A.B. asks: 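The structure that follows is given in the form of structure tokens.
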Amino acid sequence: MTARRSLLATVATLGFAASLSAPFQASANELTLKAADVHPAGYPNVVAVESLGKKLEAATSGRIKLRMYPGGVLGGEKEMIEQTQVGAINILRTSLGPVGTVVPEVNVFNLPFVFRDVAHMRAVIDGPIGDELLAKISASPAKLVAIGWMDGGARSLYTKKPVRKPEDLKGQKIRMMGNPLFVDTMNAMGGNGISMGYGEVFTALQTGVVDGAENNPPSFFTSNHFSTGAKYYTQTNHLVIPELLVVSKATWDKLTPADQGLLKKLGREAQMEQRKLWDQSVADYTTKLKGAGVEFIQIDNKAFYDATASVRAKYGAQHAELIKRIEATK
Ligand code: GTR
């Protein structure tokens, strides 16, 4: 563990301990909700949640406030999910990827190529299936209340050597998010999937612990991963995973029904605000990545689609009906 990471871990643990005894860090009626994100300040998701906080504060005349802890200072997504489950973090914006390990039903959205493209994913999360999945998360034993989706665009592969087809990935160690489904996905795509927290990927790329990773353009740029020599960005678009805004159930149960209703409404507003910021940010960061010398490799991704059929079969069998409905969504 590097000095910085161990300091962060200590800070996170102290914050965690303090939060257990005083989850809202405030007295009687006044609450300050602790919100967290792995992304830095200015990232669309962080901006949208901060804006939710401002609206919450205005609507409650300052009774409920929100404090954002961006940049993964409270840990990786796995750790932050755990902290949210016990109420040490009150509001978390996370990818659905690692949520699949605590609410297996959501893995249907984590399947490679389950959505045709980002527009298809949006149509699904905006419709009844999206609402059903939010309800499933909230009703699950995971102690998370899902109040809205966010956009994570499409994830593509970035490597130090150009990749055009599954065979080019042979022997390459590729970082994936923490969920066995993604390791299986990368293995099926031809590489060696390595599961690792987002905050560790930069050093892993620099030191050669991994040869590549995969993500959307805003994350690829803001994480600085492009500056480690991983400058080939192959447009595999293999995962289109929506992101999630969840409230700790421990926190939720302490709120009045009116405050719960307000949070739900603002969660949906944050979803739409993030979407607008998202589209702009994908365009902006694509330009920045190209400007920084990243080569965007356009491919026909059918070979990767075919290669991952076994993953859809293994993890999708139990969601066969839902997958049919997803496919039928226009
Ligand atoms: C990003 C996502 C984060 C995190 C990260 C990762 O696209 O917004 O929530 O999951 O990917 O790869 O760990």
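Just so it is clear, the structure is predicted and the values come from calculations on it, not from any experiment. Counting starts at 1 for both ligands and their atoms, in listed order.
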A.B. asks: Give a yes or no on whether a salt bridge exists between E132 and R325, defined as a side-chain N under 4.0 angstrom from a carboxylate O.
C.D. replies: yes
A.B. asks: Going by the order shown, which atoms of ligand 1 are within less than 4.0 Å of some heavy atom of N216?
C.D. replies: 7 (O)
A.B. asks: What atoms of ligand 1 come within less than 4.0 Å of a heavy atom belonging to H39?
C.D. replies: 1 (C), 2 (C), 3 (C), 8 (O)
A.B. asks: Just to confirm my output: which protein heavy-atom neighbour is closest to atom 9 (O) of ligand 1, and how far is it?
C.D. replies: E77 OE2, 2.4 Å
A.B. asks: Answer yes when R164 and D300 have at least one side-chain N-carboxylate O distance shorter than 4.0 Å, and no when they do not.
C.D. replies: no
A.B. asks: Tell me, which protein residue and heavy-atom name are nearest atom 2 (C) of ligand 1, and how many Å apart are they?
C.D. replies: E243 OE2, 3.1 Å
A.B. asks: At under 4.0 Å between heavy atoms, which part of S219 makes contact with ligand 1: side chain, backbone, both or neither?
C.D. replies: side chain
A.B. asks: Please indicate whether any nitrogen or oxygen in R93 is less than 3.5 Å from any nitrogen or oxygen in ligand 1.
C.D. replies: yes
A.B. asks: In the protein, which heavy atom is nearest to atom 7 (O) of ligand 1, and how far is it?
C.D. replies: N215 OD1, 2.6 Å
A.B. asks: Which protein non-hydrogen atom lies closest to atom 13 (O) of ligand 1, naming both residue and atom, and how far is it?
C.D. replies: R175 NH2, 2.9 Å
A.B. asks: Check for me whether the distance between the ring centres of F115 and F109 falls short of 6.0 Å.
C.D. replies: yes
A.B. asks: Atoms of ligand 1 less than 4.0 Å from R155 heavy atoms?
C.D. replies: 1 (C), 6 (C), 7 (O), 11 (O), 12 (O)
A.B. asks: So does R155 pair up with E214, basic N to acidic O under 4.0 Å?
C.D. replies: yes
A.B. asks: I'd like to know if K290 pairs up with D284 as an ion pair, taking the criterion as any Lys NZ or Arg NE/NH1/NH2 lying under 4.0 Å from an Asp or Glu carboxylate oxygen.
C.D. replies: no
A.B. asks: Please list the nearest protein heavy atom to atom 5 (C) of ligand 1 with its residue and the distance rounded to 0.1 Å.
C.D. replies: Y198 CD1, 3.7 Å
A.B. asks: Measure from the ring center of H238 to the ring center of Y305 and say whether it is less than 6.0 Å.
C.D. replies: no
A.B. asks: Verify the distance criterion only: is there a donor paired with an acceptor across the side chains of N107 and N179 at less than 3.5 Å?
C.D. replies: yes
